[in-house]
Amino acid sequence: MSAREEILARVRAAVADAPDAPPATRDYRTTHTAPERIVELLAENLADYRALVHRTDEKGLPGLIASLLADRGSATVLAPPGVPPAWLAALGPGITRIEDNPDSTARELDLVDSVVTGCALAVAETGTLVLDGSPDQGRRRVTLVPDHHICVVRVADQVVGSVPQAMPRLDPTRPLTWISGPSATSDIELDRVEGVHGPRTLEVVLVEG
Amino acid sequence: MSGTYLGMPAFPVAAKAALGNETLRGNLRHATHTIRDKRAKAVAELDDWALLREAGKQIKDHTLRHLDRYLVQLEESVTAAGGVVHWAGDAAEANRIVAELVKATGETEVVKVKSMATQEIGLNEALEAEGISAYETDLAELIVQLGDDLPSHILVPAIHRNRGEIRDIFRDRMGAWGRAAPEDLSDVPADLAEAARLHLREKFLRAKVGISGANFMVAETGTLVVVESEGNGRMCLTLPETLISVVGIEKIVPSWQDLEVFLQTLPRSSTAERMNPYTSMWTGTTDGDGPSAFHLVLVDNGRTDTLADEVGRQALRCIRCSACLNVCPVYERAGGHAYGSVYPGPIGAILSPQLRGIGSEVDASLPYASSLCGACYEVCPVAIDIPEVLVHLRERIADRGGKGHRLEKAAIKASGWVFDHPKVLAAGERAASLTRKLHPSRVPGGAAWTDSRDLPELPAAPFRDWWKKNRGEKNRGEENRGEKNDQGGKNNRGEGTAT
Ligand code: SF4
């Protein structure tokens with residue numbers, strides 16, 4: 001008998017006399033947050049987990065992104081191909097935009113200073129951004145290897161209150177990355193240290209209007 | 001289950017040794033108290049916690065009852081998404097499959113994201129025997145691996161090491177494994193983390209094969225989920241060309257929607273966070289993003305035996321959050337190594353003897369490594385009645401005509417705590433069993449003190465309240481020392497990986 005058949009046979013024998021166990025009842029809440037509180041809560045929870053939160057509107061976005069990059073002294077910024085050109089329209093002359101080239105190596109990506117992406121959605125109650133690899137978010141590694149990530153959230157249609165509200169809006173066939181604050185560890189005497197492997201700095205821009 | 005912790009003494013002996021180690025006990029007390037207090041706050045934010053806990057329990061019970069069906073469905077969905085599924089009956093078979101998969105790539109190095117399942121089967125050692133180096137990339141696992149040590153906690157495996165020891169391990173050992181630590185490395189956590197970042201980045205950027213476990217597998221979609229904090233998981237899951245995930249067969253959830261329950265309960269129970277910094281979900285392979293080859297190795301290794309035990313099977317609901325470790329008075333005293341198993345603490349005391357069988361001294365002693373105070377059951381996000389299973393396993397050991405009696409006395413003596421006072425223990429056992437709606441006239445296995453007399457009056461308050469009140473003075477002393485420790489460390493939030 002193959003291992004597969006053997007394991008399945010053992011499972012069947014093990015539960016043969018077990019009582020019925022029906023599917024779960026889902027009487028937990030679908031959200032804990034009133035709709036009018038959602039955006040404030042998202043901003044609070046992101047900040048609580050050490051993301052830097054900025055708020056602007058469509059018009060202010062290019063200027064804000066340009067100044068965030070300039071303040072950090074970034075010389076190179078990577079933006080996946082689906083990022084609207086307007087987002088990076090105000091970059092100063094000292095900053096070079098790099099394309100997300102499928103043939104580039106992780107080592108080349110390691111030399112990039114900053115990355116700018118959109119997101120699939122944001123979850124207020126947990127302070128979480130979810131990326132699904134859409135053209136404005138790029139492959140998973142672009143938001144991982146560089147040390148600085150600026151993520152743009154469209155408040156009007158991308159913010160949900162809770163995890164149960166997020167699930168039906170996500171497509172499991174895509175690779176999904178849930179990001180809640182910058183990379184962190186507390187493995188040394190439980191002292192929190194940011195940026196072990198993922199970006200040390202996560203900046204979130206909430207775009208209203 | 002393979003005898004991973006070879007040569008480990010039984011719990012009583014190991015616990016006694018740990019009790020003599022002041023550093024270990026100080027670190028443990030500080031860590032467990034910090035995490036448990038924060039956890040309580042994170043849980044209190046959700047007023048439907050009890051309902052989420054019940055749903056989590058029901059989802060897992062339903063899955064286990066129909067595990068054959070969901071395993072087959074998972075295999076279909078993973079295969080349809082471009083993955084390859086392998087089945088391993090035991091540790092040796094799983095290790096052989098992984099070694100062959102690695103060899104087929106022509107590589108001799110792999111990067112690993114922390115995984116309890118691969119620790120359980122002794123994968124690193126098995127790969128080493130085949131000439132393959134497996135690099136652990138979780139910071140705590142790196143500390144353990146470089147220190148030639150064993151993990152002592154599910155979530156923070158190097159909890160028993162302080163910053164000075166970590167600095168020494170990095171300075172002395174990193175060079176032999178890759179990029180050396182700077183000569184003048186300080187013991188400041190940020191500097192230590194930076195040394196690890198540089199050391200590991202070298203490995204991530206050249207790795208061709210990654211090995212992971214998984215927190216969840218979704219039967220309906222074929223999606224695997226890894227929950228972590230540092231980003232080492234994301235590195236291992238996305239940069240290599242080949243990804244091999246080694247996962248216990250009990251980690252299935254039926255539907256995509258089921259994740260909404262566990263993504264709320266796991267981080268809050270585990271690191272006391274609303275959400276851990278990174279969660280990766282992948283379904284087979286994706287063109288142009290991440291590994292081009294994905295292998296899933298489904299591991300039994302004692303799980304079907306556990307499933308066959310009608311009381312003990314609930315241990316398979318465990319989502320490895322480690323909350324039960326942090327509230328356990330015995331774990332706090334004895335430390336993780338005393339359990340002689342990759343699964344320490346209350347869950348280890350019921351899971352390890354079931355996965356491995358109760359044949360060895362260490363496994364037969366584990367069900368006695370508990371005061372039955374019930375705190376582990378109260379915090380468990382999938383409501384595993386650990387005390388019930390402990391009592392049940394004690395019965396099994398006693399039925400064998402075994403040495404339950406002797407083991408129990410030894411375990412209790414070695415833990416040297418509440419156990420110096422038989423009445424306290426008896427009250428605790430009784431209170432605990434009532435909480436569980438378990439009404440033995442005598443506590444099974446508790447015969448040492450209850451043989452010749454009835455149990456003492458039932459205390460009105462739960463055991464831990466009773467303990468606080470009656471032993472308050474000693475307790476306060478301990479808490480004060482704990483506070484001093486707290487002030488020394490800023491920003492404690494207890495992050496870690498929870499794979
Ligand atoms: S037994 Fe429960 S509390 Fe303990 S690690 Fe497992 S899920 Fe967490």
Side-chain angles (χ1 to χ4, degrees), chain A residues 2-4 6-8 10-15 18 20-29 32 45 49 102 106-107 110 123 125-128 133 139-141 144 163-164 167-168 172-193 195-198, chain B residues 31 34 46 48 51-52 55 58-59 61-62 65 67-68 87-89 93 139-140 156 158 162-163 166 189-190 192-193 197 205 221 223 229-232 234-235 238-239 256-257 260 263-264 274-275 277-283 286 288-290 300 304 307-308 489 491-496:
Chain A
S2 70
R4 177 183 188 278
E6 207 166 296
I7 291 169
L8 289 173
R10 287 205 296 247
V11 168
R12 286 174 190 135
V15 296
D20 184 36
T25 35
R26 298 179 194 276
D27 41 13
Y28 50 84
R29 290 181 185 279
H32 304 79
N45 283 343
Y49 283 8
R107 259 176 224 288
D110 195 25
V123 186
E125 283 177 12
T126 55
T128 304
R139 290 170 297 151
R140 282 171 281 176
R141 62 188 204 170
L144 171 63
V163 174
M167 299 310 290
T173 64
R174 290 173 176 276
L176 299 171
T177 306
W178 298 50
I179 300 173
S180 310
S183 156
T185 185
S186 294
D187 279 347
I188 304 164
E189 294 182 20
L190 297 187
D191 264 10
R192 184 179 163 92
V193 177
V196 198
H197 302 298
Chain B
T34 304
L46 301 182
D48 59 342
L51 300 172
L52 284 165
Q58 288 179 12
I59 290 168
D61 278 348
H62 171 75
R65 179 65 185 80
L67 191 58
D68 53 335
W87 301 70
E93 196 167 7
L139 178 53
V156 267
N162 63 31
R163 61 186 71 190
I166 296 168
L192 296 171
R197 177 187 177 100
L205 297 185
T221 60
T223 308
S229 296
E230 295 170 7
N232 65 302
R234 294 180 62 191
M235 291 273 183
T238 58
L239 296 187
W256 175 247
Q257 191 189 0
E260 73 192 15
L263 288 179
Q264 292 190 80
R274 296 184 189 102
M275 189 67 87
Y278 296 132
T279 297
S280 296
M281 301 179 180
W282 72 99
T283 304
T286 305
D289 186 355
D300 178 346
T304 48
L307 190 63
N491 306 334
N492 290 314
R493 249 190 46 211
E495 283 77 6

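Just the heavy atoms: all of them, side chains too, but no hydrogens, waters or symmetry mates, feed the values below. Residue numbering restarts at 1 for every chain, and letters A, B, ... go by the order of the sequence lines.
The closest donor-acceptor contact from the side chain of B:Thr283 to the backbone of A:Pro172 lies under 3.5 Å. At least one donor-acceptor pair under 3.5 Å links the side chain of B:Trp256 to the backbone N or O of A:Met167. In this structure a side-chain-to-backbone donor-acceptor pair under 3.5 Å is missing from A:Tyr49 to B:Pro277. Put simply, the side chain of B:Asp48 gets close to the backbone of A:Arg29: a donor and an acceptor are under 3.5 Å apart.
Taking all atoms of both residues into account, the shortest heavy-atom contact from B:Gly290 to A:Arg140 is CA-NH2, 3.6 Å. In terms of heavy-atom proximity, A:His197 sits nearest to B:Asn232 at CD2-CB, 3.4 Å. For the pair A:Ala24 and B:Ala55, the tightest heavy-atom approach, listed with the atom from each and the gap, is CB-O, 3.8 Å. Between B:Arg65 and A:Ala18, the shortest heavy-atom contact is NE-O, 3.1 Å. Looking at every heavy atom in both residues, B:Gln58 comes nearest to A:Thr25 through OE1-N, 2.8 Å. Closest of all the heavy-atom pairs between A:Val193 and B:Ala193 is CG1-CB, 3.7 Å.
Distance CG/A:Leu176 to OG1/B:Thr223: 7.5 Å, rounded to 0.5 Å. Between the NE2 atom of B:His62 and the CG atom of A:Asp20 there is a distance of 9.0 Å, given to the nearest 0.5 Å. The CE atom of B:Met235 sits 4.0 Å away from the CG atom of A:Leu144 when rounded to the nearest 0.5 Å. B:Thr286 OG1 to A:Arg174 CZ: the interatomic distance, rounded to the nearest 0.5 Å, is 9.5 Å. If you take CZ on B:Arg197 and OG1 on A:Thr185, they are separated by 12.5 Å, rounding to the nearest 0.5 Å. If you take CG on B:Asp289 and OG1 on A:Thr177, they are separated by 8.0 Å, rounding to the nearest 0.5 Å.
Of the listed residues B:Asp68, B:Leu52, B:Leu263, the one with more heavy-atom pairs under 4.5 angstrom with chain A than any other is B:Asp68. Options A:Arg139, A:Glu125, A:Arg12, A:Arg4 differ in how many heavy-atom pairs under 4.5 Å they form with chain B, and the most are formed by A:Arg4. With chain B as the partner, the residue from A:Gly181, A:Ala3, A:Pro164, A:Ala106 showing the most heavy-atom pairs under 4.5 Å is A:Pro164. In terms of non-hydrogen atom pairs under 4.5 Å with chain A, the most contact-rich of B:Thr221, B:Leu192, B:Asp61, B:Leu46 is B:Leu46.
Contact of the A:Glu6 side chain with the B:Thr304 side chain is not registered, since no non-hydrogen atoms from C-beta on lie closer than 4.5 Å. Taking the side chain as every heavy atom from C-beta outward, A:Val123 and B:Met275 never approach each other to under 4.5 Å. A:Val15 has its side chain out of reach of B:Leu67: every pair of non-hydrogen atoms, C-beta onward, lies at least 4.5 Å apart. Within the 4.5 Å cutoff, the side chain of A:Arg26 has heavy atoms near those of the B:Ile59 side chain.
With a 4.5 angstrom heavy-atom cutoff, B:Ile166 touches chain A only via side-chain atoms. Contacts between B:Ala190 and chain A at a heavy-atom distance below 4.5 Å involve backbone atoms as well as side-chain atoms. Both the backbone and the side chain of B:Leu139 have a heavy atom closer than 4.5 Å to some heavy atom of chain A. Heavy atoms of B:Glu93 lying under 4.5 Å from chain A belong exclusively to its side chain.
For the 3.5 Å distance criterion, the side chains of B:Glu260 and A:Tyr28 qualify, holding a donor opposite an acceptor.
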